[in-house]
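Presented below is the structure to which this report refers.
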Amino acid sequence: MAEPLKLFILAGEPSGDRIGADLVTRLRQRVDISLTGVGGDELTAAGLISIYPMSDLAVMGISDVLGRLPLLLWRVEQTARAIRAGRPDIV
């Protein structure tokens, strides 16, 4: 049996979560996949165990970005580390 396709998916807001979940659902109809990344309720329902809450990425406006910049930078680093460690086939 072949190894599953390792997919890392990152959704930062609800529409990305919805699109990602649809993508995962359709891919699973064709190939076996292993799923990691960041997502919300819909990707979680599709089998994703998110490495941190998608809501951490949901910012709007410069003041929101600046106020949450330390967390955002930490999440970027955490995401990059997870990708390197997991060595996915597709990001």
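What you see below is based on every heavy atom in this structure, not just the backbone, and it leaves out hydrogens, waters and symmetry mates.
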Pair Leu10, Leu57 - check side chain to side chain contact (heavy atoms under 4.5 Å, CB included), show working.
CA-CA 10 Å; Leu10 176 64; Leu57 303 177; 3.8 Å; yes
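- For the 3.5 Å distance criterion, the side chains of Glu77 and Thr79 fail to qualify, holding no donor opposite an acceptor.
- The hydrophobic cluster containing Tyr52 also contains Ile83, counting ILVMFWY residues as joined when their side-chain heavy atoms lie under 4.5 angstrom apart, directly or transitively.
- Checking Ile19, Leu43, Leu48 one by one against Val24, the side chain to side chain contact (heavy atoms under 4.5 Å, CB included) holds for a single residue, Leu43.
- A side-chain donor-acceptor contact under 3.5 Å links Lys6 to the backbone of Gly86.
- Put simply, the side chain of Arg68 gets close to the backbone of Asp56: a donor and an acceptor are under 3.5 Å apart.
- Put simply, the side chain of Ile9 reaches to within 4.5 Å of the side chain of Leu35, judged on heavy atoms.
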Starting from the C-alpha separation in whole Å, work towards a yes-or-no answer on side chain to side chain contact (heavy atoms under 4.5 Å, CB included) for Leu72 and Val65.
CA-CA 8 Å; Leu72 291 170; Val65 171; 4.3 Å; yes
Are Arg75 and Gln78 close enough, and set up right, to give a side-chain hydrogen bond (donor to acceptor under 3.5 Å, both in side chains), and what steps lead you there?
CA-CA 5 Å; Arg75 292 308 192 195; Gln78 191 176 15; 2.4 Å; yes
side-chain hydrogen bond (donor to acceptor under 3.5 Å, both in side chains) assessment of Glu42 paired with Thr44
CA-CA 5 Å; Glu42 294 197 41; Thr44 298; over 6 Å; no
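- Considering all non-hydrogen atoms of both residues, Pro70 and Gly67 come closest at CD-O, 4.3 Å.
- We find the CG-CE distance between Asp41 and Met54 to be 7.5 Å, quoted to the nearest 0.5 Å.
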Which is it for Leu7 and Asp89 under the side chain to side chain contact (heavy atoms under 4.5 Å, CB included) test, yes or no, and what are the steps along the way?
CA-CA 6 Å; Leu7 175 65; Asp89 299 307; over 6 Å; no
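- Classification of Asp22 and Arg26 as a salt-bridged pair holds, one side-chain N sitting under 4.0 Å from a carboxylate O.
- For Ser34 (side chain) and Pro4 (main-chain N/O), no donor-acceptor pair under 3.5 Å exists by modelled atom type.
- Looking only at side-chain heavy atoms (C-beta outward), Ile90 and Leu5 come within less than 4.5 Å of each other.
- Within the 3.5 Å criterion, the main-chain N or O of Ala11 finds no donor-acceptor partner in the side chain of Asp17.
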Do Ile49 and Thr36 pass the side chain to side chain contact (heavy atoms under 4.5 Å, CB included) test, and can you show the C-alpha distance, the side-chain angles, and the key distance before you say yes or no?
CA-CA 6 Å; Ile49 298 173; Thr36 57; over 6 Å; no
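- Atoms CZ and CG, on Arg28 and Leu23 in that order, are 10.5 Å from each other to the nearest 0.5 Å.
- Residue Phe8 holds its CZ atom at 4.5 Å from CD1 of Ile51, rounded to the nearest 0.5 Å.
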